[in-house]
Amino acid sequence: MLKIDIQKMINKEPLHFKMTMDQQFYGLMGSSGCGKTTILRIIAGLAQPDAGIIEFDEQVWLDTAANISLPPEQRHIGFMFQSLALFPNMTTKQNIDFYRRTKVGKTYGGVSEAVAQQLVTTLGLTPLMDQMVTRLSGGQRQRVALCRALVQQPKLLLLDEPFTGLDDDLRQKTMQLTREVLSQTQTQVIIVSHRKDEILAFTDNIYGM
Amino acid sequence: MLITPIVHSLIIAIIATTLTFLICLPIVYLLIRHPIKLNWFVESLFLLPLVLPPTVVGLFLLQLFGKYGIIGRFLALFADYSVIFTLTGAVIATIIVVLPIMYQSIKAAILSVDPTLSEAAKVMGATPYEILRWIILPNAYSGIIVGLLLTFCRGLGEFGASLMVAGYIQGKTDTIATAIYFAIQGGDNHTAIVLSLLDVLIGIIALLFIQFLNYRTKEVRQ
């Protein structure tokens, strides 16, 4: 279970965000610049709040009063950035396998090879494995980013505007596939979007910002 | 007459380029990852030779490495060695002169890499070294190579500071730039022109390679 209670000044406005997450999917919705991405970055450990606490399954990730802040690599989070942040110098396979090459990945392991292979197949990435990610289309890149996040077997998956930039038809298909794949995992998911329909496709648990 | 200045210039430029790269890369990377309050001071220190005449740099090095300088006295006492009037002195002078070019090039190249790539790698457990090795360097390589080439070319043409420190001793510390100057002084226009043309040729090759890299980087990004 994820518990968040944080405060941060965003655009000179104080933001107090409190959330307890005990179901698989939660959505954060709000207009551009209201601090949705900042909240995700704070949960991931990529940004610091002015004050607050974050706990996940009784483990303290952040407690500003006690001066505790677990680094991102120790939180075992999957993060799908709005820009997807695929490594342009690598192929699809190298992007997906990146986690296993890192120091933490070698220790923690992520999903088994068989599960990883199954994810690749389910997401339709098998024929793209040797292609450079710069050569892929928007929908293909989105699926690579999702697969890369899931092979880490994250405790928590953060999706930041994951379907932005896709046309309506492709967006619907990708949303459906993403929902199917995520439903088969135990991973808790926070999805951020400025579009209500995108969040409603996953959950009714919506936090408006 | 023609060979030794060319060989000396190449040796000095290659060593100075390599060493400045090894000095600048970790420092720039660290300062970008963990900015400190004195960032401006460190950066100003690296860029200082850019705004100074090379002769001032040379004079400063003479004070430091000369017979009565702090390092000079130390080297004389413990190693019975002096860098004055040696190629080592020319290399040290060249390093100081080319340091700003390398520093700025590496900084621009690293900053050109989308920071979310490093963040994504960090979330996936990559160490700072792994991020540098697998993400930053491969995505910043064209900018870094441009920096290496510019530094090399500047090092190849270094004159003022290295002349102050290493002097001009034929067959021992002569470089293309100093040999051109002393050839002209001695009325040997032929040698001066041949060495100048050679320098121009190396410069043109380097610039063409930089243009090629820029073109390729644009193509890859598209």
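Values in this document were obtained by computation on a predicted structure and should not be read as measured data.
For CG of A/Asp167, the number of neighbouring non-hydrogen atoms (other residues, nucleotides, ligands) closer than 6.0 Å is greater than 12. At most 12 heavy atoms of other shown residues, nucleotides or ligands fall within 6.0 angstrom of atom NZ in A/Lys3. Other residues, nucleotides and ligands place no more than 12 heavy atoms under 6.0 Å from the CZ atom of B/Phe74.
Ranking B/Val123, B/Asp114, B/Thr127 against chain A, the residue ahead of the rest is B/Val123, based on heavy-atom pairs under 4.5 Å.
Residue A/Gln59 holds its CD atom at 12.0 Å from CD1 of A/Ile54, rounded to the nearest 0.5 Å.
Looking at A/Leu84, neither its backbone nor its side chain comes within 4.5 Å of chain B, counting heavy atoms on both sides. If you measure heavy-atom distances from A/Met90 to chain B, the contacts under 4.5 Å come from the side chain alone. With a 4.5 Å cut-off on non-hydrogen atoms, B/Thr116 touches chain A through its backbone and its side chain both. Contacts between A/Arg101 and chain B at a heavy-atom distance below 4.5 Å involve backbone atoms as well as side-chain atoms. If you measure heavy-atom distances from B/Glu130 to chain A, the contacts under 4.5 Å come from the side chain alone.
Between A/Phe56 and A/Trp61, the ring planes lie parallel to each other; the angle is under 30°, not in the 30° to 60° tilted range.
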